[in-house]
Number of protein chains: 2
Amino acid sequence: MRAVGVITEYNPLHNGHVYQLQQAKALTGADCTVVVMSGNWLQRGEPAILDKWTRAQLALQTGADLVIELPVFYAMQPAHLFAQGGVRLLAELGCESLVFGAEHPDLDFSQLMAAFPSGREAFKQFNATYATLFNAALKTATGQALTKANDMLGFCYYVANQRLGAPMRLIPMQRLGSDHNDTAIQGDQFASGTAIRQAALAGNWDQVERVVPAETLAQLKSNRLVSWADFWPHLQYQLLTTTVDRSGQYDQMAEGLEYRMQDMVQNASNFEDFLAQVKSKRYTYTRLQRVAAAALLQLTTTEVQTAQARPYLRVLGFSATGQQYLHQVKKSLTMPLYTKINKDLRLHELALDYRAGRVYELINQQHQDLYRRPWRFTDNLG
Amino acid sequence: MRAVGVITEYNPLHNGHVYQLQQAKALTGADCTVVVMSGNWLQRGEPAILDKWTRAQLALQTGADLVIELPVFYAMQPAHLFAQGGVRLLAELGCESLVFGAEHPDLDFSQLMAAFPSGREAFKQFNATYATLFNAALKTATGQALTKANDMLGFCYYVANQRLGAPMRLIPMQRLGSDHNDTAIQGDQFASGTAIRQAALAGNWDQVERVVPAETLAQLKSNRLVSWADFWPHLQYQLLTTTVDRSGQYDQMAEGLEYRMQDMVQNASNFEDFLAQVKSKRYTYTRLQRVAAAALLQLTTTEVQTAQARPYLRVLGFSATGQQYLHQVKKSLTMPLYTKINKDLRLHELALDYRAGRVYELINQQHQDLYRRPWRFTDNLG
């Protein structure tokens, strides 16, 4: 059996994602589609609108064969680390290729990587703060630019894959329909996640149903939808009671930013207001949102880096094909494979994902780890 | 001018407290009544039902001349440290005497202190956990027992005062009416704070009005009443996201208790349920409640001990007499006297009280430090 991988967030799963899953198989002739998906906390430092189990179920219902959780210590990171995490897990699972959407699938990533300022070391430092500077240099050197979010992410996949010795073939796909950050649903069939979330939170179901599969629509209508606003009281409380010594240790906190955050929280009336007050030219909203999420989860840089040194494969669900594939690759795995959580894992290996899930549970009131087993779509019951 | 002091919590201020204020003047012939009162968090590790400003106002309306806040690092401590804090502040303010209620005002404290097992060192260790053992030894040695909460507290006042060189004369007063922990209002005029809080939270105003002054009744009826239940979501969130390394540093956390607390919080459905699950023979409810409050406020032992080494006088209000008295003693004070908070004090000297107040504000939505000035009942406008 041959597998193709995709790295996703499915926030929520929409028609563009279904199309991508179909194309992944069509373009590669693979038997099995492996999805590495962020858990309950996402790359841009925000909670998923639907929990990881619901989103994994949707993935299996619409074409995925195996869904693996991208641990929070990779998921809630700048693009290059997010990409590194996803690529590591897919490569570990023996995927032959990685399909991803890009605004400009014809970009020459190898040329870009060659022009990449000072090689590996610079890449290590590479995050949103450096993106603008980096792009200017790149444009001068190659005539190509990485101004779009998915082009950038694609490049990060490319670099991560190269650094592993290029185990996978990278297949960029033209993104369809709306731009990643469009806030309104305009198309007939495709829309951005941002636009879909806004419409869903506002209850504009006639708009939502045009751009998501029926399964997603049903889940959005029947679940408690989660957004940052839900966690604001806890974030506020946390920043009011912690010390700057402590908050300075939160992951991705920049020098001095802890003072600014603990000062601005004094008078902020909601999460948006808080971020707007903290915002300066020095930091992007995404960066600040990730730091806020790290504060909320009390996630320290030390914890994140320690965890990144020992990744694992956490299975959220599989089809009959996925199960077969898992059986095929199991023996050659070097990372631990987890299908359920016990007290020992909760306190150690899976502690950060467990914590992230437990905070999410405070809002959606659904168990995220304890008492959960992977979805088994093995009898075509899905 | 001569001053008499009382150490109080006023949770809430009731007829017994008014009587005590009257007697304090009558018994001593003092011109000025100085009240040292816990702020928003109390000795038994719980939030006050009314905030410190409301309670200070009630004190001034019913006979107090000067109200000083007992800082949280003294207020939310075992009896001996609570007493030590109160006695230090009253002595610093030059009070000649300290009046307090006791179940057995005829107890011979000097005899008890002489019989106190191994003197000062043992007293240092003395807290609720040791109370039972300690009392058995005491009973054998002296025939006297300290089984009642206010007798015990009175003894702590006595020891604290002796250790300062006995600057004040101690005047125990017979407590009237109900026992400290009675949970029902039975008397016609006097009831315990516990019983009054329960009746007020249940809205049984006909019961409450018999045992509190009209001013207290009006405040209870018009304010957002605060109890532990209000803070449970934040405590739960805190214990779910912190690490045992961190929670082990919380003030009064006993060895291993942090594991128990972080384990029990997983399935607790409310604060009472949580405490009941954590409870064992080894710890009293009061002790556990204080640890829970320290966790909520992220108050560490280091912070508390550092703060105890540099106490201050925080003025919550005064009458014309209190103002005059303050003027009289001002020059001889060795502790700083604060009447308002600024950014520097908020971040340093007053940081713990500010933090405790800020958490309280999350529920009652009234500023506790910023924008507040001491009550001035200097023109009999009160």
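What you see below is based on every heavy atom in this structure, not just the backbone, and it leaves out hydrogens, waters and symmetry mates.
- Within residues 356-370 of chain A, the residues having any heavy atom closer than 4.5 Å to a heavy atom of chain B are A:R358, A:V359, A:L362, listed by residue number.
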**OP:** Show the numbers, then the answer: is there a side-chain contact (heavy atoms from CB on, under 4.5 Å) between B:H234 and A:Q238?
**Re:** CA-CA 9 Å; B:H234 288 318; A:Q238 184 61 244; over 6 Å; no
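- Proximity to chain A (any heavy atom under 4.5 Å) is shown, for B:L299, by neither the backbone nor the side chain.
- The contact list for residues 257-275 of chain A toward chain B, using heavy atoms and a distance under 4.5 Å, reads A:D263, A:V265, A:Q266, A:N267 by residue number.
- Side-chain contact between B:R355 and A:T242: absent, with no pair of heavy atoms (C-beta onward) separated by less than 4.5 Å.
- Heavy atoms closer than 4.5 Å to chain B are found in the side chain of A:Q236, but not in its backbone.
- In this structure, the side chain of A:Y237 engages the main chain of B:L296 through a donor-acceptor pair within 3.5 Å.
- For the set B:R246, B:K343, B:E303, the entry with the most heavy-atom pairs within less than 4.5 Å of chain A is B:R246.
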